[in-house]
Engineer: 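I'd like to ask some things about the structure below.
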Amino acid sequence: MGTERNPTKLSKVVVFPAETEDISKSVKFARANGLNIGIRGGGHNTSTASASDGLLLNMRKFNKVRVDEKAQVGYLQPGALVCDVENETAKYGLGACVGICSEVSMGGYVTGGGIGYSVGTHGLAADNLISATLVLASGEIVEASASENPDLFWAIRGGGSNFGVVAELRVKLHEQRPDAYAF
(Lines give C-alpha, C1' and ligand atoms only; values in the text may rest on other atoms or scores of the structure.)
Protein backbone atom coordinates (compact mmCIF):
# COMPACT_ATOMS: atom_id res chain seq x y z
CA MET A 1 0.00 0.00 0.00
CA GLY A 2 2.92 2.35 -0.29
CA THR A 3 3.60 5.05 2.25
CA GLU A 4 0.02 6.35 2.46
CA ARG A 5 -1.59 5.69 5.82
CA ASN A 6 -5.11 6.51 4.65
CA PRO A 7 -5.79 3.29 2.70
CA THR A 8 -5.25 1.26 5.87
CA LYS A 9 -8.20 2.87 7.67
CA LEU A 10 -10.97 0.42 8.31
CA SER A 11 -14.48 1.60 7.49
CA LYS A 12 -17.13 1.10 10.14
CA VAL A 13 -19.73 0.47 7.44
CA VAL A 14 -19.23 -0.59 3.81
CA VAL A 15 -22.13 -0.29 1.37
CA PHE A 16 -22.24 -1.81 -2.12
CA PRO A 17 -25.16 0.09 -3.68
CA ALA A 18 -27.36 -1.70 -6.20
CA GLU A 19 -29.40 1.37 -7.14
CA THR A 20 -29.36 5.14 -6.66
CA GLU A 21 -31.81 4.96 -3.76
CA ASP A 22 -29.26 2.82 -1.86
CA ILE A 23 -26.77 5.69 -2.13
CA SER A 24 -29.36 8.15 -0.83
CA LYS A 25 -30.27 5.92 2.12
CA SER A 26 -26.57 5.44 2.93
CA VAL A 27 -25.88 9.18 2.91
CA LYS A 28 -28.86 9.80 5.20
CA PHE A 29 -27.71 7.00 7.53
CA ALA A 30 -24.19 8.43 7.71
CA ARG A 31 -25.51 11.91 8.48
CA ALA A 32 -27.84 10.60 11.18
CA ASN A 33 -24.98 8.67 12.81
CA GLY A 34 -22.23 11.27 12.46
CA LEU A 35 -20.18 9.14 10.07
CA ASN A 36 -17.79 10.53 7.48
CA ILE A 37 -18.39 9.26 3.96
CA GLY A 38 -15.77 7.88 1.60
CA ILE A 39 -16.35 6.83 -2.00
CA ARG A 40 -14.48 4.01 -3.71
CA GLY A 41 -14.86 3.62 -7.47
CA GLY A 42 -12.42 1.21 -9.02
CA GLY A 43 -9.88 1.54 -6.22
CA HIS A 44 -7.33 3.37 -8.38
CA ASN A 45 -7.17 6.35 -6.03
CA THR A 46 -5.39 5.68 -2.73
CA SER A 47 -6.14 9.07 -1.16
CA THR A 48 -8.74 9.78 1.50
CA ALA A 49 -11.37 9.92 -1.25
CA SER A 50 -11.21 6.12 -1.21
CA ALA A 51 -10.74 5.44 2.50
CA SER A 52 -12.93 6.33 5.44
CA ASP A 53 -13.18 5.45 9.10
CA GLY A 54 -16.92 6.05 8.71
CA LEU A 55 -19.14 4.81 5.89
CA LEU A 56 -17.56 3.70 2.63
CA LEU A 57 -19.67 3.63 -0.53
CA ASN A 58 -17.97 0.96 -2.62
CA MET A 59 -19.17 1.60 -6.17
CA ARG A 60 -17.24 -1.21 -7.84
CA LYS A 61 -20.37 -3.35 -8.38
CA PHE A 62 -22.37 -0.27 -9.45
CA ASN A 63 -20.86 -0.57 -12.92
CA LYS A 64 -23.49 -0.85 -15.64
CA VAL A 65 -22.80 0.67 -19.05
CA ARG A 66 -25.62 1.31 -21.50
CA VAL A 67 -25.32 2.77 -25.01
CA ASP A 68 -27.91 4.76 -26.95
CA GLU A 69 -26.40 4.15 -30.40
CA LYS A 70 -28.67 6.56 -32.27
CA ALA A 71 -28.09 9.48 -29.88
CA GLN A 72 -24.42 8.49 -29.37
CA VAL A 73 -24.79 8.73 -25.60
CA GLY A 74 -23.27 6.46 -22.98
CA TYR A 75 -25.01 5.92 -19.63
CA LEU A 76 -22.33 4.99 -17.11
CA GLN A 77 -22.60 4.02 -13.49
CA PRO A 78 -19.63 5.37 -11.52
CA GLY A 79 -18.02 2.00 -10.78
CA ALA A 80 -17.71 1.15 -14.48
CA LEU A 81 -14.06 0.82 -15.39
CA VAL A 82 -12.50 2.17 -18.58
CA CYS A 83 -12.32 -1.41 -19.90
CA ASP A 84 -16.06 -1.91 -19.20
CA VAL A 85 -16.90 1.24 -21.16
CA GLU A 86 -14.59 0.37 -24.04
CA ASN A 87 -15.95 -3.17 -24.32
CA GLU A 88 -19.57 -2.01 -24.47
CA THR A 89 -19.20 1.06 -26.69
CA ALA A 90 -17.01 -0.81 -29.21
CA LYS A 91 -19.97 -3.08 -30.01
CA TYR A 92 -21.59 -0.02 -31.63
CA GLY A 93 -18.49 1.40 -33.33
CA LEU A 94 -18.40 4.13 -30.71
CA GLY A 95 -16.02 5.21 -27.98
CA ALA A 96 -16.06 7.47 -24.95
CA CYS A 97 -13.29 9.77 -23.82
CA VAL A 98 -11.53 7.40 -21.46
CA GLY A 99 -8.23 7.23 -19.63
CA ILE A 100 -5.10 5.40 -20.58
CA CYS A 101 -5.42 2.91 -17.71
CA SER A 102 -8.18 0.33 -18.17
CA GLU A 103 -8.69 -0.16 -14.41
CA VAL A 104 -9.79 3.42 -13.59
CA SER A 105 -13.47 3.90 -12.70
CA MET A 106 -15.42 6.41 -14.72
CA GLY A 107 -16.98 8.22 -11.74
CA GLY A 108 -13.68 9.55 -10.44
CA TYR A 109 -12.13 9.85 -13.88
CA VAL A 110 -14.83 12.15 -15.32
CA THR A 111 -15.36 14.24 -12.18
CA GLY A 112 -11.59 14.65 -11.93
CA GLY A 113 -11.43 16.09 -15.45
CA GLY A 114 -10.38 13.04 -17.41
CA ILE A 115 -7.23 13.30 -19.51
CA GLY A 116 -6.82 10.53 -22.06
CA TYR A 117 -5.67 9.71 -25.57
CA SER A 118 -8.59 11.53 -27.24
CA VAL A 119 -8.08 14.87 -25.45
CA GLY A 120 -6.65 16.47 -28.60
CA THR A 121 -9.64 15.43 -30.70
CA HIS A 122 -12.60 15.43 -28.31
CA GLY A 123 -11.38 17.28 -25.21
CA LEU A 124 -11.36 16.11 -21.62
CA ALA A 125 -13.83 13.48 -20.43
CA ALA A 126 -15.48 16.25 -18.37
CA ASP A 127 -15.99 18.25 -21.59
CA ASN A 128 -18.03 15.32 -22.92
CA LEU A 129 -20.28 15.05 -19.88
CA ILE A 130 -23.89 15.74 -20.90
CA SER A 131 -25.51 15.31 -17.49
CA ALA A 132 -25.29 13.36 -14.26
CA THR A 133 -27.44 12.00 -11.48
CA LEU A 134 -26.02 12.83 -8.05
CA VAL A 135 -26.89 12.27 -4.43
CA LEU A 136 -26.29 15.38 -2.35
CA ALA A 137 -25.13 15.51 1.28
CA SER A 138 -28.80 15.74 2.33
CA GLY A 139 -29.54 12.45 0.55
CA GLU A 140 -31.55 14.26 -2.13
CA ILE A 141 -31.24 12.80 -5.64
CA VAL A 142 -30.75 15.49 -8.29
CA GLU A 143 -29.89 15.88 -11.94
CA ALA A 144 -27.10 18.18 -13.08
CA SER A 145 -26.73 19.47 -16.63
CA ALA A 146 -26.21 22.74 -18.46
CA SER A 147 -29.90 23.54 -17.93
CA GLU A 148 -30.65 21.82 -14.59
CA ASN A 149 -28.52 22.72 -11.56
CA PRO A 150 -25.92 24.32 -13.87
CA ASP A 151 -23.65 25.40 -10.98
CA LEU A 152 -23.44 21.82 -9.76
CA PHE A 153 -22.86 20.62 -13.33
CA TRP A 154 -20.00 23.09 -13.70
CA ALA A 155 -18.46 21.94 -10.40
CA ILE A 156 -18.47 18.21 -11.14
CA ARG A 157 -16.78 18.71 -14.50
CA GLY A 158 -13.28 18.52 -13.04
CA GLY A 159 -13.91 19.49 -9.41
CA GLY A 160 -13.94 15.92 -8.11
CA SER A 161 -16.40 14.16 -5.84
CA ASN A 162 -16.75 16.96 -3.31
CA PHE A 163 -20.17 18.06 -4.53
CA GLY A 164 -22.18 14.86 -4.23
CA VAL A 165 -22.05 11.15 -4.95
CA VAL A 166 -22.32 10.42 -8.67
CA ALA A 167 -24.92 7.75 -9.43
CA GLU A 168 -24.89 7.98 -13.24
CA LEU A 169 -22.99 9.86 -15.91
CA ARG A 170 -24.35 10.56 -19.37
CA VAL A 171 -21.51 11.17 -21.80
CA LYS A 172 -21.08 11.94 -25.51
CA LEU A 173 -19.82 9.02 -27.55
CA HIS A 174 -17.77 9.38 -30.71
CA GLU A 175 -17.26 7.19 -33.76
CA GLN A 176 -14.41 4.80 -33.14
CA ARG A 177 -12.38 2.64 -35.49
CA PRO A 178 -12.76 -1.08 -34.82
CA ASP A 179 -8.99 -1.57 -34.55
CA ALA A 180 -8.44 0.80 -31.60
CA TYR A 181 -6.61 -0.67 -28.62
CA ALA A 182 -6.45 0.09 -24.91
CA PHE A 183 -4.19 -1.31 -22.22
Side-chain angles (χ1 to χ4, degrees), residues 1-66 74-88 96 98-99 101-114 125-126 129-145 148-149 151-171:
M1 290 206 194
T3 58
E4 276 290 329
R5 290 183 48 201
N6 294 326
T8 61
K9 291 181 184 176
L10 297 177
S11 299
K12 292 178 181 169
V13 179
V14 178
V15 177
F16 291 86
E19 57 189 47
T20 303
E21 190 60 38
D22 294 341
I23 299 169
S24 176
K25 289 176 185 176
S26 298
V27 169
K28 290 176 183 176
F29 175 85
R31 284 181 60 98
N33 291 281
L35 298 173
N36 292 324
I37 298 175
I39 304 167
R40 181 187 188 275
H44 188 77
N45 185 352
T46 59
S47 75
T48 55
S50 297
S52 169
D53 60 356
L55 184 142
L56 179 65
L57 285 164
N58 189 324
M59 307 300 256
R60 185 57 197 105
K61 294 181 181 179
F62 202 57
N63 61 358
K64 291 185 179 67
V65 176
R66 187 170 55 88
Y75 297 82
L76 318 175
Q77 289 182 330
L81 301 179
V82 165
C83 59
D84 300 327
V85 175
E86 289 290 282
N87 287 334
E88 188 61 26
V98 296
C101 176
S102 64
E103 295 299 311
V104 172
S105 72
M106 293 303 290
Y109 175 71
V110 173
T111 60
L129 182 63
I130 298 167
S131 62
T133 303
L134 291 104
V135 178
L136 302 180
S138 64
E140 179 185 4
I141 300 168
V142 299
E143 296 297 319
S145 68
E148 191 172 359
N149 296 307
D151 289 346
L152 181 59
F153 183 63
W154 180 85
I156 65 169
R157 293 174 61 225
S161 61
N162 297 312
F163 304 97
V165 181
V166 173
E168 183 179 68
L169 302 162
R170 287 166 292 286
V171 299

Engineer: Report the distance from atom CG of Leu35 to atom OG of Ser26, rounding to the nearest 0.5 Å.
Structural biologist: 10.5 Å

Engineer: So, for Ser105 and Pro78, which heavy atoms are closest and what is the spacing to 0.1 Å?
Structural biologist: CB-O, 3.4 Å

Engineer: Would Met59 and Ile23 satisfy side chain to side chain contact (heavy atoms under 4.5 Å, CB included), going step by step from the backbone distance to the final call?
Structural biologist: CA-CA 10 Å; Met59 307 300 256; Ile23 299 169; 3.5 Å; yes

Engineer: Of all the heavy-atom pairs spanning Ala144 and Leu134, show the shortest one and how long it is.
Structural biologist: CB-CD1, 3.8 Å

Engineer: About how many Å separate OG of Ser145 and CG of Leu152, when rounded to the nearest 0.5 Å?
Structural biologist: 10.0 Å

Engineer: For Ala80 and Val85, which heavy atoms make the closest approach, and how far apart are they?
Structural biologist: CB-CG2, 4.3 Å

Engineer: What heavy-atom pair brings Ala126 and Gly158 nearest, and what distance separates the two atoms?
Structural biologist: CB-N, 4.1 Å

Engineer: Report yes if some heavy atom in the side chain of Met106 is under 4.5 Å from a heavy atom in the side chain of Val82; otherwise report no.
Structural biologist: yes

Engineer: At what distance, to the nearest 0.5 angstrom, does CZ of Phe153 lie from CD1 of Ile130?
Structural biologist: 8.5 Å

Engineer: Can you confirm whether Arg40 sits close enough to Val14 that some side-chain heavy atom of one is under 4.5 Å from a side-chain heavy atom of the other?
Structural biologist: no

Engineer: Val13 and Phe29: side chain to side chain contact (heavy atoms under 4.5 Å, CB included), yes or no, with the steps?
Structural biologist: CA-CA 10 Å; Val13 179; Phe29 175 85; 4.3 Å; yes

Engineer: Within this structure, what is the CD1-CG distance for the pair Ile156 and Leu169, rounded to the nearest 0.5 Å?
Structural biologist: 7.0 Å

Engineer: Which heavy atom in Val135 sits nearest to a heavy atom in Ser24, and how many Å separate them?
Structural biologist: CG1-CA, 3.7 Å

Engineer: First locate atom CG of Leu57, then atom OG of Ser11, and finally report the distance between them rounded to the nearest 0.5 Å.
Structural biologist: 9.5 Å

Engineer: Keeping the roles fixed (side chain from Tyr109, backbone from Ala125), state whether a donor-acceptor pair exists under 3.5 Å.
Structural biologist: no

Engineer: Quick one: does Phe62's side chain get under 4.5 Å of Thr20's, heavy atoms only?
Structural biologist: yes

Engineer: Quick check for you: to the nearest 0.5 Å, what is the distance between Asn162 atom CG and Ile39 atom CD1?
Structural biologist: 8.5 Å

Engineer: Heavy atoms, side chains only, cut-off 4.5 Å: are Ile141 and Glu21 in contact?
Structural biologist: yes

Engineer: Any donor-acceptor pair under 3.5 Å linking the side-chain atoms of Arg170 with those of Thr133?
Structural biologist: yes

Engineer: Would you call Arg60 and Asp84 a salt bridge, taking side-chain N to carboxylate O under 4.0 Å as the test?
Structural biologist: yes

Engineer: Of all heavy-atom pairs between Asn58 and Gly41, which one has the smallest distance, and what is that distance?
Structural biologist: OD1-O, 4.4 Å

Engineer: Applying side chain to side chain contact (heavy atoms under 4.5 Å, CB included) to Phe163 and Thr111, what does each step give before you reach the verdict?
Structural biologist: CA-CA 10 Å; Phe163 304 97; Thr111 60; over 6 Å; no

